[in-house]
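Below is one structure, written out as C-alpha coordinates; comments come after it.
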Number of protein chains: 2
Amino acid sequence: MRSFDQGGVQKNSSIPIYSQVERIVMDMIDSGRLSPGQRAPSERGIADTLGISRMTARAAMSSLVADGYLYSVPGKGTFVSNPKMRQDLLELTSFTQDMRKRGLKPGAKLLELGVTDEAPEKIYRALGLSAADGLLRIHRLRTADEEPMCLETSYLPKDYFTWLLEEDLESGSLYRALESHGVELVRAEEHLEATVVRETESELLTVRVGYPALLIERTSYTEEDKAIEFVKSLYRGDRYRFSAMLFKRRPRRGGLP
Amino acid sequence: MRSFDQGGVQKNSSIPIYSQVERIVMDMIDSGRLSPGQRAPSERGIADTLGISRMTARAAMSSLVADGYLYSVPGKGTFVSNPKMRQDLLELTSFTQDMRKRGLKPGAKLLELGVTDEAPEKIYRALGLSAADGLLRIHRLRTADEEPMCLETSYLPKDYFTWLLEEDLESGSLYRALESHGVELVRAEEHLEATVVRETESELLTVRVGYPALLIERTSYTEEDKAIEFVKSLYRGDRYRFSAMLFKRRPRRGGLP
DNA sequence: AAGTGGTCTAGACCACATT
DNA sequence: ATGTGGTCTAGACCACTTA
(Lines give C-alpha, C1' and ligand atoms only; values in the text may rest on other atoms or scores of the structure.)
Protein backbone atom coordinates (compact mmCIF):
# COMPACT_ATOMS: atom_id res chain seq x y z
CA MET A 1 0.00 0.00 0.00
CA ARG A 2 2.94 2.29 -0.51
CA SER A 3 1.01 4.30 -3.11
CA PHE A 4 -1.38 5.62 -0.51
CA ASP A 5 1.15 7.01 1.94
CA GLN A 6 0.83 10.62 0.85
CA GLY A 7 -2.86 11.39 1.14
CA GLY A 8 -5.41 10.69 3.82
CA VAL A 9 -9.09 11.26 4.31
CA GLN A 10 -10.81 13.72 6.58
CA LYS A 11 -13.22 11.76 8.69
CA ASN A 12 -15.30 14.72 9.79
CA SER A 13 -15.58 16.41 6.44
CA SER A 14 -18.98 17.07 4.91
CA ILE A 15 -17.69 15.10 1.95
CA PRO A 16 -18.34 11.39 2.43
CA ILE A 17 -15.25 9.32 2.98
CA TYR A 18 -16.00 7.10 0.01
CA SER A 19 -16.13 10.19 -2.21
CA GLN A 20 -12.73 11.23 -0.94
CA VAL A 21 -11.40 7.78 -1.71
CA GLU A 22 -12.88 7.93 -5.23
CA ARG A 23 -11.06 11.19 -5.73
CA ILE A 24 -7.77 9.78 -4.45
CA VAL A 25 -7.96 6.82 -6.82
CA MET A 26 -9.06 9.00 -9.75
CA ASP A 27 -6.11 11.29 -9.09
CA MET A 28 -3.80 8.29 -9.21
CA ILE A 29 -5.27 7.39 -12.58
CA ASP A 30 -5.28 10.90 -13.99
CA SER A 31 -1.71 11.54 -12.88
CA GLY A 32 -0.55 8.31 -14.48
CA ARG A 33 0.61 6.71 -11.22
CA LEU A 34 -1.96 4.06 -12.14
CA SER A 35 -1.96 3.00 -15.79
CA PRO A 36 -4.62 1.17 -17.81
CA GLY A 37 -4.51 -2.54 -17.15
CA GLN A 38 -2.62 -2.06 -13.93
CA ARG A 39 -4.04 -3.34 -10.65
CA ALA A 40 -5.54 -0.72 -8.38
CA PRO A 41 -5.09 -0.92 -4.59
CA SER A 42 -7.20 -3.66 -3.06
CA GLU A 43 -10.23 -2.86 -0.95
CA ARG A 44 -8.61 -4.23 2.19
CA GLY A 45 -5.41 -2.40 1.42
CA ILE A 46 -7.21 0.91 1.08
CA ALA A 47 -9.18 0.29 4.24
CA ASP A 48 -6.08 -0.54 6.28
CA THR A 49 -3.96 2.32 4.97
CA LEU A 50 -6.62 4.98 5.38
CA GLY A 51 -7.98 3.59 8.61
CA ILE A 52 -11.50 3.13 7.29
CA SER A 53 -13.84 0.19 7.02
CA ARG A 54 -13.54 -2.15 4.09
CA MET A 55 -17.18 -1.53 3.14
CA THR A 56 -16.42 2.16 2.76
CA ALA A 57 -13.39 1.48 0.60
CA ARG A 58 -15.50 -0.94 -1.38
CA ALA A 59 -18.21 1.67 -1.91
CA ALA A 60 -15.63 3.93 -3.55
CA MET A 61 -14.20 1.23 -5.78
CA SER A 62 -17.63 -0.11 -6.78
CA SER A 63 -18.66 3.37 -7.80
CA LEU A 64 -15.60 3.73 -10.02
CA VAL A 65 -16.30 0.31 -11.49
CA ALA A 66 -19.91 1.32 -12.18
CA ASP A 67 -18.68 4.40 -13.98
CA GLY A 68 -16.29 2.38 -16.10
CA TYR A 69 -13.03 3.74 -14.75
CA LEU A 70 -12.11 0.41 -13.22
CA TYR A 71 -13.10 -3.19 -13.77
CA SER A 72 -12.91 -5.96 -11.21
CA VAL A 73 -11.89 -9.57 -11.59
CA PRO A 74 -12.97 -11.80 -8.70
CA GLY A 75 -10.04 -13.41 -6.99
CA LYS A 76 -7.52 -11.23 -8.80
CA GLY A 77 -8.18 -7.59 -8.11
CA THR A 78 -9.49 -4.34 -9.53
CA PHE A 79 -7.86 -2.91 -12.62
CA VAL A 80 -7.75 0.36 -14.50
CA SER A 81 -9.91 0.37 -17.63
CA ASN A 82 -8.81 1.19 -21.12
CA PRO A 83 -9.09 4.99 -21.48
CA LYS A 84 -11.30 4.72 -24.55
CA MET A 85 -13.84 2.83 -22.49
CA ARG A 86 -14.18 5.50 -19.87
CA GLN A 87 -14.80 8.42 -22.17
CA ASP A 88 -17.97 10.14 -21.11
CA LEU A 89 -19.50 9.71 -24.50
CA LEU A 90 -23.03 10.32 -23.43
CA GLU A 91 -22.97 13.09 -20.96
CA LEU A 92 -25.77 15.61 -20.83
CA THR A 93 -24.06 18.84 -21.78
CA SER A 94 -25.06 22.23 -23.01
CA PHE A 95 -24.02 23.36 -26.47
CA THR A 96 -21.46 25.54 -24.75
CA GLN A 97 -19.86 22.65 -22.88
CA ASP A 98 -20.10 20.38 -25.89
CA MET A 99 -18.18 22.76 -28.13
CA ARG A 100 -15.54 23.43 -25.47
CA LYS A 101 -14.99 19.70 -25.14
CA ARG A 102 -14.44 19.55 -28.89
CA GLY A 103 -11.88 22.31 -28.62
CA LEU A 104 -14.08 24.90 -30.31
CA LYS A 105 -15.11 28.33 -29.11
CA PRO A 106 -18.89 28.44 -28.58
CA GLY A 107 -21.00 31.43 -29.50
CA ALA A 108 -24.62 32.41 -30.04
CA LYS A 109 -26.61 34.89 -32.05
CA LEU A 110 -30.07 35.53 -30.67
CA LEU A 111 -32.62 35.42 -33.47
CA GLU A 112 -35.81 35.45 -31.43
CA LEU A 113 -36.82 35.50 -27.79
CA GLY A 114 -40.45 35.72 -26.87
CA VAL A 115 -43.74 34.13 -25.94
CA THR A 116 -45.72 32.07 -28.38
CA ASP A 117 -49.11 30.37 -28.49
CA GLU A 118 -48.41 28.40 -31.62
CA ALA A 119 -46.18 25.37 -31.52
CA PRO A 120 -46.45 21.81 -32.77
CA GLU A 121 -48.61 19.70 -30.50
CA LYS A 122 -45.65 17.39 -29.99
CA ILE A 123 -43.88 20.09 -28.01
CA TYR A 124 -46.77 20.63 -25.61
CA ARG A 125 -46.92 16.90 -25.09
CA ALA A 126 -43.20 16.62 -24.42
CA LEU A 127 -43.40 19.34 -21.79
CA GLY A 128 -46.56 17.97 -20.23
CA LEU A 129 -48.53 21.12 -21.06
CA SER A 130 -51.84 21.79 -22.76
CA ALA A 131 -52.26 23.95 -25.83
CA ALA A 132 -53.73 26.64 -23.57
CA ASP A 133 -50.40 27.14 -21.80
CA GLY A 134 -47.96 29.73 -23.03
CA LEU A 135 -44.52 28.83 -24.28
CA LEU A 136 -41.25 30.69 -24.23
CA ARG A 137 -39.39 30.36 -27.51
CA ILE A 138 -35.68 30.99 -27.86
CA HIS A 139 -34.33 30.84 -31.38
CA ARG A 140 -30.56 31.06 -31.66
CA LEU A 141 -27.85 30.50 -34.22
CA ARG A 142 -25.08 28.64 -32.43
CA THR A 143 -21.54 29.12 -33.65
CA ALA A 144 -18.26 27.31 -33.09
CA ASP A 145 -15.06 29.24 -33.71
CA GLU A 146 -17.30 32.01 -35.12
CA GLU A 147 -18.63 29.69 -37.85
CA PRO A 148 -22.30 28.64 -37.93
CA MET A 149 -22.75 25.21 -36.33
CA CYS A 150 -26.45 24.80 -35.71
CA LEU A 151 -29.84 26.43 -35.51
CA GLU A 152 -31.41 25.89 -32.12
CA THR A 153 -34.98 26.50 -31.02
CA SER A 154 -35.74 26.00 -27.34
CA TYR A 155 -39.20 25.87 -25.82
CA LEU A 156 -39.88 26.25 -22.09
CA PRO A 157 -43.11 26.59 -20.12
CA LYS A 158 -43.72 30.34 -19.96
CA ASP A 159 -45.17 30.49 -16.47
CA TYR A 160 -42.01 29.51 -14.63
CA PHE A 161 -39.46 31.19 -16.83
CA THR A 162 -40.59 34.68 -17.75
CA TRP A 163 -37.43 35.94 -16.07
CA LEU A 164 -35.50 34.41 -18.96
CA LEU A 165 -36.73 37.26 -21.15
CA GLU A 166 -34.33 39.53 -19.26
CA GLU A 167 -31.38 37.16 -19.54
CA ASP A 168 -28.36 37.56 -21.81
CA LEU A 169 -28.55 34.46 -23.93
CA GLU A 170 -25.87 35.44 -26.42
CA SER A 171 -22.81 35.33 -24.24
CA GLY A 172 -24.10 33.01 -21.55
CA SER A 173 -25.38 29.48 -21.58
CA LEU A 174 -29.09 28.84 -21.10
CA TYR A 175 -28.26 25.99 -18.76
CA ARG A 176 -26.08 28.24 -16.67
CA ALA A 177 -28.92 30.75 -16.42
CA LEU A 178 -31.31 28.00 -15.35
CA GLU A 179 -28.89 26.67 -12.77
CA SER A 180 -28.31 30.07 -11.26
CA HIS A 181 -32.07 30.16 -10.69
CA GLY A 182 -32.05 26.76 -9.05
CA VAL A 183 -33.24 24.69 -12.02
CA GLU A 184 -30.96 21.76 -12.69
CA LEU A 185 -31.47 19.49 -15.69
CA VAL A 186 -30.12 16.05 -15.00
CA ARG A 187 -31.56 13.86 -17.77
CA ALA A 188 -32.51 14.30 -21.38
CA GLU A 189 -34.02 12.20 -24.11
CA GLU A 190 -32.62 12.81 -27.55
CA HIS A 191 -33.83 11.76 -30.97
CA LEU A 192 -31.55 12.15 -33.95
CA GLU A 193 -32.37 11.95 -37.60
CA ALA A 194 -30.78 12.88 -40.87
CA THR A 195 -32.32 15.60 -42.97
CA VAL A 196 -31.26 18.26 -45.45
CA VAL A 197 -31.00 22.02 -45.14
CA ARG A 198 -34.03 23.94 -46.35
CA GLU A 199 -34.17 27.39 -47.85
CA THR A 200 -34.99 29.28 -44.67
CA GLU A 201 -32.09 27.66 -42.86
CA SER A 202 -29.61 27.73 -45.71
CA GLU A 203 -28.56 31.34 -45.36
CA LEU A 204 -28.15 31.27 -41.59
CA LEU A 205 -26.06 28.10 -41.64
CA THR A 206 -24.17 29.36 -44.71
CA VAL A 207 -24.55 26.11 -46.60
CA ARG A 208 -26.50 25.49 -49.78
CA VAL A 209 -30.02 24.09 -49.84
CA GLY A 210 -30.02 20.29 -49.81
CA TYR A 211 -26.88 20.06 -47.69
CA PRO A 212 -26.89 17.20 -45.14
CA ALA A 213 -27.92 18.14 -41.63
CA LEU A 214 -28.53 16.39 -38.35
CA LEU A 215 -31.84 17.15 -36.67
CA ILE A 216 -31.72 16.61 -32.93
CA GLU A 217 -34.74 16.88 -30.65
CA ARG A 218 -34.05 16.94 -26.96
CA THR A 219 -36.40 16.92 -24.00
CA SER A 220 -34.67 17.74 -20.71
CA TYR A 221 -35.84 16.81 -17.24
CA THR A 222 -35.12 17.76 -13.66
CA GLU A 223 -34.29 15.24 -10.94
CA GLU A 224 -38.02 15.06 -10.20
CA ASP A 225 -38.74 13.99 -13.81
CA LYS A 226 -40.37 17.29 -14.69
CA ALA A 227 -39.84 18.18 -18.36
CA ILE A 228 -38.44 21.69 -18.52
CA GLU A 229 -37.12 22.22 -22.00
CA PHE A 230 -37.73 21.01 -25.53
CA VAL A 231 -34.97 21.83 -28.01
CA LYS A 232 -34.91 21.32 -31.73
CA SER A 233 -31.42 21.67 -33.19
CA LEU A 234 -30.35 21.54 -36.81
CA TYR A 235 -26.62 20.81 -37.05
CA ARG A 236 -24.55 21.23 -40.18
CA GLY A 237 -23.76 17.71 -41.33
CA ASP A 238 -20.19 18.55 -42.24
CA ARG A 239 -19.30 19.98 -38.85
CA TYR A 240 -21.09 17.82 -36.31
CA ARG A 241 -20.73 14.22 -35.33
CA PHE A 242 -22.61 12.51 -32.53
CA SER A 243 -20.86 9.86 -30.47
CA ALA A 244 -22.29 7.29 -28.13
CA MET A 245 -21.13 4.29 -26.16
CA LEU A 246 -23.50 1.35 -26.17
CA PHE A 247 -23.54 -1.40 -23.58
CA LYS A 248 -25.12 -4.77 -23.56
CA ARG A 249 -27.86 -4.82 -20.97
CA ARG A 250 -26.90 -6.51 -17.73
CA PRO A 251 -29.34 -9.36 -17.27
CA ARG A 252 -31.31 -9.04 -14.04
CA ARG A 253 -31.26 -12.41 -12.36
CA GLY A 254 -33.62 -13.71 -9.71
CA GLY A 255 -35.92 -16.08 -11.53
CA LEU A 256 -35.41 -19.79 -11.38
CA PRO A 257 -31.86 -20.98 -10.71
CA MET B 1 -44.99 -3.75 4.31
CA ARG B 2 -48.12 -5.57 3.26
CA SER B 3 -46.99 -5.58 -0.36
CA PHE B 4 -44.19 -8.01 0.41
CA ASP B 5 -46.22 -10.70 2.10
CA GLN B 6 -46.44 -13.04 -0.87
CA GLY B 7 -42.84 -13.58 -1.91
CA GLY B 8 -39.74 -14.34 0.06
CA VAL B 9 -36.08 -14.81 -0.64
CA GLN B 10 -34.08 -18.00 -0.64
CA LYS B 11 -31.14 -17.40 1.66
CA ASN B 12 -29.09 -20.30 0.41
CA SER B 13 -29.66 -19.81 -3.28
CA SER B 14 -26.73 -19.26 -5.62
CA ILE B 15 -28.49 -16.05 -6.60
CA PRO B 16 -27.50 -13.24 -4.24
CA ILE B 17 -30.24 -12.06 -1.94
CA TYR B 18 -30.01 -8.49 -3.24
CA SER B 19 -30.56 -9.79 -6.78
CA GLN B 20 -33.67 -11.60 -5.62
CA VAL B 21 -34.89 -8.40 -4.00
CA GLU B 22 -34.23 -6.47 -7.20
CA ARG B 23 -36.34 -8.98 -9.04
CA ILE B 24 -39.15 -8.78 -6.50
CA VAL B 25 -39.30 -5.00 -6.75
CA MET B 26 -39.03 -5.07 -10.55
CA ASP B 27 -41.91 -7.54 -10.67
CA MET B 28 -43.98 -5.17 -8.56
CA ILE B 29 -43.25 -2.41 -11.04
CA ASP B 30 -43.79 -4.50 -14.15
CA SER B 31 -47.05 -5.93 -12.85
CA GLY B 32 -48.33 -2.46 -12.04
CA ARG B 33 -48.61 -3.07 -8.28
CA LEU B 34 -46.14 -0.19 -8.07
CA SER B 35 -46.89 2.75 -10.35
CA PRO B 36 -44.64 5.57 -11.54
CA GLY B 37 -44.33 8.27 -8.91
CA GLN B 38 -45.47 5.92 -6.17
CA ARG B 39 -43.26 5.24 -3.19
CA ALA B 40 -41.49 1.90 -3.18
CA PRO B 41 -41.08 -0.09 0.03
CA SER B 42 -38.50 1.46 2.33
CA GLU B 43 -35.13 -0.18 2.89
CA ARG B 44 -35.93 -0.92 6.51
CA GLY B 45 -39.35 -2.22 5.58
CA ILE B 46 -37.91 -4.63 3.05
CA ALA B 47 -35.26 -5.76 5.49
CA ASP B 48 -37.79 -6.46 8.26
CA THR B 49 -40.32 -8.20 6.04
CA LEU B 50 -37.82 -10.43 4.29
CA GLY B 51 -35.69 -11.00 7.36
CA ILE B 52 -32.52 -9.64 5.80
CA SER B 53 -30.11 -6.90 6.74
CA ARG B 54 -30.89 -3.36 5.77
CA MET B 55 -27.59 -3.09 3.88
CA THR B 56 -28.67 -5.96 1.66
CA ALA B 57 -32.03 -4.40 0.98
CA ARG B 58 -30.26 -1.14 0.30
CA ALA B 59 -27.90 -2.80 -2.20
CA ALA B 60 -30.92 -3.93 -4.20
CA MET B 61 -32.62 -0.56 -4.14
CA SER B 62 -29.41 1.34 -4.94
CA SER B 63 -28.88 -0.87 -7.95
CA LEU B 64 -32.36 -0.13 -9.23
CA VAL B 65 -31.77 3.56 -8.64
CA ALA B 66 -28.49 3.38 -10.55
CA ASP B 67 -30.30 1.75 -13.45
CA GLY B 68 -32.96 4.46 -13.47
CA TYR B 69 -35.92 2.34 -12.43
CA LEU B 70 -36.25 4.15 -9.12
CA TYR B 71 -35.14 7.48 -7.76
CA SER B 72 -34.56 8.31 -4.13
CA VAL B 73 -35.40 11.43 -2.17
CA PRO B 74 -33.56 11.73 1.14
CA GLY B 75 -35.92 11.89 4.05
CA LYS B 76 -38.91 10.92 1.95
CA GLY B 77 -38.37 7.59 0.31
CA THR B 78 -37.62 5.82 -2.94
CA PHE B 79 -40.02 6.25 -5.82
CA VAL B 80 -40.78 4.61 -9.13
CA SER B 81 -39.40 6.51 -12.10
CA ASN B 82 -41.35 7.69 -15.08
CA PRO B 83 -41.43 4.78 -17.57
CA LYS B 84 -39.95 6.96 -20.27
CA MET B 85 -36.90 7.37 -18.08
CA ARG B 86 -36.22 3.72 -17.73
CA GLN B 87 -36.42 2.73 -21.37
CA ASP B 88 -33.18 1.12 -22.35
CA LEU B 89 -32.55 3.72 -24.98
CA LEU B 90 -28.94 2.91 -25.46
CA GLU B 91 -28.66 -0.78 -25.42
CA LEU B 92 -26.16 -2.51 -27.65
CA THR B 93 -28.34 -4.42 -30.09
CA SER B 94 -27.97 -6.05 -33.45
CA PHE B 95 -29.89 -4.71 -36.43
CA THR B 96 -32.17 -7.69 -36.04
CA GLN B 97 -33.02 -6.92 -32.40
CA ASP B 98 -33.27 -3.21 -33.12
CA MET B 99 -35.88 -3.69 -35.84
CA ARG B 100 -37.87 -6.16 -33.76
CA LYS B 101 -37.98 -3.64 -30.93
CA ARG B 102 -39.38 -1.12 -33.38
CA GLY B 103 -42.03 -3.59 -34.43
CA LEU B 104 -40.56 -4.22 -37.86
CA LYS B 105 -39.60 -7.47 -39.50
CA PRO B 106 -35.84 -7.56 -40.09
CA GLY B 107 -34.30 -9.01 -43.21
CA ALA B 108 -31.03 -9.08 -45.08
CA LYS B 109 -29.79 -9.43 -48.63
CA LEU B 110 -26.19 -10.51 -48.89
CA LEU B 111 -24.37 -8.38 -51.42
CA GLU B 112 -20.83 -9.47 -50.72
CA LEU B 113 -18.99 -11.81 -48.41
CA GLY B 114 -15.29 -12.26 -48.74
CA VAL B 115 -11.76 -11.44 -47.79
CA THR B 116 -10.21 -8.11 -48.65
CA ASP B 117 -6.79 -6.49 -48.40
CA GLU B 118 -8.01 -3.03 -49.19
CA ALA B 119 -9.84 -1.01 -46.60
CA PRO B 120 -9.54 2.51 -45.23
CA GLU B 121 -6.70 2.77 -42.73
CA LYS B 122 -9.24 3.92 -40.12
CA ILE B 123 -10.74 0.44 -40.08
CA TYR B 124 -7.45 -1.31 -39.41
CA ARG B 125 -6.80 1.15 -36.61
CA ALA B 126 -10.23 0.60 -35.07
CA LEU B 127 -9.69 -3.16 -35.02
CA GLY B 128 -6.14 -2.90 -33.77
CA LEU B 129 -4.73 -4.53 -36.91
CA SER B 130 -2.00 -3.62 -39.35
CA ALA B 131 -2.51 -3.18 -43.08
CA ALA B 132 -0.82 -6.55 -43.56
CA ASP B 133 -3.67 -8.36 -41.85
CA GLY B 134 -6.56 -9.70 -43.85
CA LEU B 135 -10.11 -8.49 -43.32
CA LEU B 136 -13.43 -10.19 -43.71
CA ARG B 137 -15.95 -7.94 -45.41
CA ILE B 138 -19.69 -8.51 -45.21
CA HIS B 139 -21.80 -6.20 -47.32
CA ARG B 140 -25.54 -6.49 -46.79
CA LEU B 141 -28.69 -4.62 -47.60
CA ARG B 142 -30.78 -4.65 -44.44
CA THR B 143 -34.53 -4.52 -44.79
CA ALA B 144 -37.39 -3.82 -42.43
CA ASP B 145 -40.81 -5.13 -43.36
CA GLU B 146 -39.26 -6.07 -46.73
CA GLU B 147 -38.39 -2.43 -47.47
CA PRO B 148 -34.75 -1.28 -47.71
CA MET B 149 -33.62 0.27 -44.41
CA CYS B 150 -29.85 0.50 -44.59
CA LEU B 151 -26.68 -0.57 -46.31
CA GLU B 152 -24.33 -2.25 -43.91
CA THR B 153 -20.67 -3.12 -44.34
CA SER B 154 -19.03 -5.11 -41.55
CA TYR B 155 -15.32 -5.73 -41.19
CA LEU B 156 -13.84 -8.40 -38.94
CA PRO B 157 -10.29 -9.68 -38.53
CA LYS B 158 -10.02 -12.54 -41.03
CA ASP B 159 -7.83 -14.84 -38.98
CA TYR B 160 -10.38 -15.58 -36.28
CA PHE B 161 -13.51 -15.59 -38.36
CA THR B 162 -12.97 -17.51 -41.57
CA TRP B 163 -15.76 -19.83 -40.45
CA LEU B 164 -18.15 -16.94 -41.04
CA LEU B 165 -17.73 -17.53 -44.78
CA GLU B 166 -19.84 -20.66 -44.36
CA GLU B 167 -22.53 -18.96 -42.31
CA ASP B 168 -26.01 -18.04 -43.49
CA LEU B 169 -26.02 -14.29 -42.99
CA GLU B 170 -29.26 -13.61 -44.81
CA SER B 171 -31.70 -15.21 -42.46
CA GLY B 172 -29.61 -15.14 -39.28
CA SER B 173 -28.05 -12.38 -37.27
CA LEU B 174 -24.29 -11.89 -37.39
CA TYR B 175 -24.28 -11.37 -33.64
CA ARG B 176 -26.12 -14.60 -33.11
CA ALA B 177 -23.54 -16.41 -35.24
CA LEU B 178 -20.73 -14.85 -33.23
CA GLU B 179 -22.33 -15.76 -29.93
CA SER B 180 -22.88 -19.35 -30.94
CA HIS B 181 -19.12 -19.48 -31.49
CA GLY B 182 -18.41 -18.01 -28.08
CA VAL B 183 -17.76 -14.43 -29.13
CA GLU B 184 -19.83 -11.98 -27.11
CA LEU B 185 -19.81 -8.28 -27.87
CA VAL B 186 -20.62 -6.26 -24.79
CA ARG B 187 -19.64 -2.70 -25.69
CA ALA B 188 -19.61 -0.57 -28.79
CA GLU B 189 -18.61 2.91 -29.73
CA GLU B 190 -20.82 4.62 -32.28
CA HIS B 191 -20.37 7.74 -34.32
CA LEU B 192 -23.31 9.23 -36.18
CA GLU B 193 -23.36 11.86 -38.86
CA ALA B 194 -25.75 13.17 -41.45
CA THR B 195 -25.03 12.65 -45.09
CA VAL B 196 -26.87 12.22 -48.38
CA VAL B 197 -27.39 9.19 -50.56
CA ARG B 198 -24.93 8.81 -53.43
CA GLU B 199 -25.49 7.23 -56.79
CA THR B 200 -24.11 3.78 -55.95
CA GLU B 201 -26.36 3.57 -52.90
CA SER B 202 -29.41 5.16 -54.41
CA GLU B 203 -30.68 2.16 -56.29
CA LEU B 204 -30.20 -0.31 -53.44
CA LEU B 205 -31.92 1.91 -50.90
CA THR B 206 -34.59 2.83 -53.47
CA VAL B 207 -34.36 6.53 -52.78
CA ARG B 208 -33.17 9.25 -55.10
CA VAL B 209 -29.64 10.66 -55.04
CA GLY B 210 -29.29 13.47 -52.53
CA TYR B 211 -31.78 11.96 -50.13
CA PRO B 212 -30.92 12.43 -46.43
CA ALA B 213 -29.18 9.49 -44.76
CA LEU B 214 -27.66 8.69 -41.42
CA LEU B 215 -24.13 7.31 -41.49
CA ILE B 216 -23.32 5.24 -38.42
CA GLU B 217 -19.90 3.80 -37.67
CA ARG B 218 -19.70 1.27 -34.90
CA THR B 219 -16.74 -0.48 -33.32
CA SER B 220 -17.72 -3.39 -31.08
CA TYR B 221 -15.68 -4.89 -28.26
CA THR B 222 -15.64 -8.02 -26.16
CA GLU B 223 -15.53 -7.99 -22.37
CA GLU B 224 -11.74 -8.03 -22.62
CA ASP B 225 -11.79 -4.80 -24.65
CA LYS B 226 -10.75 -6.53 -27.86
CA ALA B 227 -12.22 -4.83 -30.95
CA ILE B 228 -13.96 -7.49 -33.03
CA GLU B 229 -16.09 -5.68 -35.54
CA PHE B 230 -16.21 -2.40 -37.42
CA VAL B 231 -19.53 -1.62 -39.09
CA LYS B 232 -20.40 1.20 -41.42
CA SER B 233 -24.16 1.61 -41.89
CA LEU B 234 -26.03 3.99 -44.13
CA TYR B 235 -29.61 4.37 -42.96
CA ARG B 236 -32.39 5.93 -44.98
CA GLY B 237 -33.12 9.27 -43.32
CA ASP B 238 -36.86 8.93 -43.66
CA ARG B 239 -37.04 5.55 -41.98
CA TYR B 240 -34.52 5.62 -39.18
CA ARG B 241 -34.30 7.64 -36.03
CA PHE B 242 -31.64 7.23 -33.35
CA SER B 243 -32.63 7.71 -29.72
CA ALA B 244 -30.45 8.23 -26.70
CA MET B 245 -30.85 9.08 -23.06
CA LEU B 246 -28.30 11.53 -21.70
CA PHE B 247 -27.41 11.93 -18.06
CA LYS B 248 -25.62 14.68 -16.28
CA ARG B 249 -22.33 13.44 -14.99
CA ARG B 250 -22.38 12.96 -11.27
CA PRO B 251 -19.83 15.40 -9.97
CA ARG B 252 -16.96 13.57 -8.29
CA ARG B 253 -16.33 15.50 -5.14
CA GLY B 254 -13.34 15.22 -2.86
CA GLY B 255 -11.38 18.42 -3.46
CA LEU B 256 -11.50 21.26 -1.00
CA PRO B 257 -14.67 21.57 1.09
C1' DA C 1 -1.62 -20.47 2.47
C1' DA C 2 -2.52 -15.92 1.50
C1' DG C 3 -4.86 -12.44 -0.94
C1' DT C 4 -8.83 -10.91 -3.68
C1' DG C 5 -13.53 -9.40 -4.85
C1' DG C 6 -18.60 -10.66 -3.72
C1' DT C 7 -21.89 -10.99 -0.34
C1' DC C 8 -24.03 -10.39 4.18
C1' DT C 9 -24.92 -9.04 9.08
C1' DA C 10 -26.46 -6.09 13.03
C1' DG C 11 -25.79 -2.50 14.61
C1' DA C 12 -24.85 3.02 14.53
C1' DC C 13 -25.27 8.29 13.68
C1' DC C 14 -26.71 12.01 10.61
C1' DA C 15 -29.80 15.33 8.07
C1' DC C 16 -34.02 15.65 6.49
C1' DA C 17 -39.37 14.99 5.83
C1' DT C 18 -43.71 14.22 7.79
C1' DT C 19 -46.97 13.98 11.40
C1' DA D 1 -41.54 11.77 17.56
C1' DT D 2 -41.13 8.87 13.82
C1' DG D 3 -39.62 7.37 9.41
C1' DT D 4 -36.60 8.02 5.53
C1' DG D 5 -32.34 7.67 2.73
C1' DG D 6 -27.06 8.41 3.24
C1' DT D 7 -23.11 7.03 5.43
C1' DC D 8 -20.09 4.15 8.26
C1' DT D 9 -18.24 0.34 11.21
C1' DA D 10 -16.08 -4.23 12.38
C1' DG D 11 -16.64 -8.12 11.76
C1' DA D 12 -17.95 -12.70 8.82
C1' DC D 13 -18.06 -16.53 5.08
C1' DC D 14 -17.54 -17.79 0.20
C1' DA D 15 -15.26 -18.86 -4.31
C1' DC D 16 -11.61 -17.80 -6.67
C1' DT D 17 -6.58 -16.97 -8.10
C1' DT D 18 -1.76 -16.99 -7.19
C1' DA D 19 2.23 -18.46 -5.15
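For the pair Glu229(A)/Leu174(A), a side-chain contact is recorded, criterion being any heavy-atom separation below 4.5 Å from C-beta on.
One can place NZ of Lys11(B) at 14 Å from C1' of dA12(D), the figure rounded to the nearest angstrom. Regarding Ile52(B), its CD1 atom lies at a distance of 15 Å from the P atom of dG11(C), rounded to whole Å. As a whole-Å value, the separation of Arg54(B) CZ from dA12(C) P is 13 Å. One interatomic measurement links the two molecules: OH of Tyr71(A) to C1' of dG6(C), which rounds to 18 Å at whole-angstrom precision. Between the P atom of dT4(C) and the CG atom of Leu70(A) lies a distance of 15 Å, rounded to the nearest Å. Met55(A) places its CE atom 14 Å from the C1' atom of dA12(C), with the value rounded to the nearest Å. Spacing between atom CE of Met61(B) and atom P of dT7(D) amounts to 16 Å, rounded to whole angstrom units. Rounded to a whole Å, the CD atom of Gln20(B) is 12 Å from the P atom of dT7(C).
Using bins of under 30°, 30° to 60° and over 60° for the plane-to-plane angle, the ring pair Tyr155(B)/Phe230(B) lands in the tilted bin. Using cut-offs of 30° and 60° for the angle between ring planes, the Phe242(A) and Phe242(B) rings count as perpendicular.
Side chain of Ser72(B), nearest nucleotide from dA10(C), dG5(D), dT9(D): dG5(D). Among the nucleotides dG5(D), dT4(C), dT9(C), the one closest to any side-chain atom of Arg58(B) is dG5(D). Picking from dG6(C), dC8(C), dG6(D) the nucleotide with the shortest atom distance to the side chain of Tyr18(A) gives dG6(D).
Arg58(B) CZ to Thr78(B) OG1: the interatomic distance, rounded to the nearest 0.5 Å, is 8.0 Å.
Between Arg44(A) and dA2(C), a side-chain N or O to OP1/OP2 separation shorter than 4.0 Å is absent. Between Thr78(B) and the phosphate of dG5(D), there is a side-chain N or O to OP1/OP2 separation shorter than 4.0 Å. Under 4.0 angstrom from either OP1 or OP2 of dG3(D) there lies no side-chain N or O belonging to Ser42(B).
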Which atoms of nucleotides 16-19 of chain D (N or O only) lie under 3.5 Å from a protein N or O atom, and what are those distances?
residue, atom, partner, partner atom, Å
dT18(D), OP1, Lys76(A), NZ, 3.3

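Where DNA chain D pairs in unbroken runs of 3 or more (Watson-Crick or G-U, both distances under 3.5 Å), the stems are C:1-16 with D:3-18.
Judged by distance alone, the side chains of Ser42(B) and Arg44(B) never bring a donor and an acceptor atom under 3.5 Å apart. Glu184(B) and Tyr175(B) share no side-chain donor-acceptor pair at under 3.5 Å. Side-chain atoms of His191(B) and Glu189(B) form a donor-acceptor pair, as typed in the model, at a separation below 3.5 Å.
Listed by chain and number, the residues in a ring pair (Phe, Tyr, Trp, His ring centres under 6.0 Å) with Phe79(B) are Tyr71(B) (sequence neighbours excluded).
Under the 4.0 Å criterion applied to side-chain N and carboxylate O atoms, Glu217(B) and Arg241(A) are assigned as salt-bridge partners.
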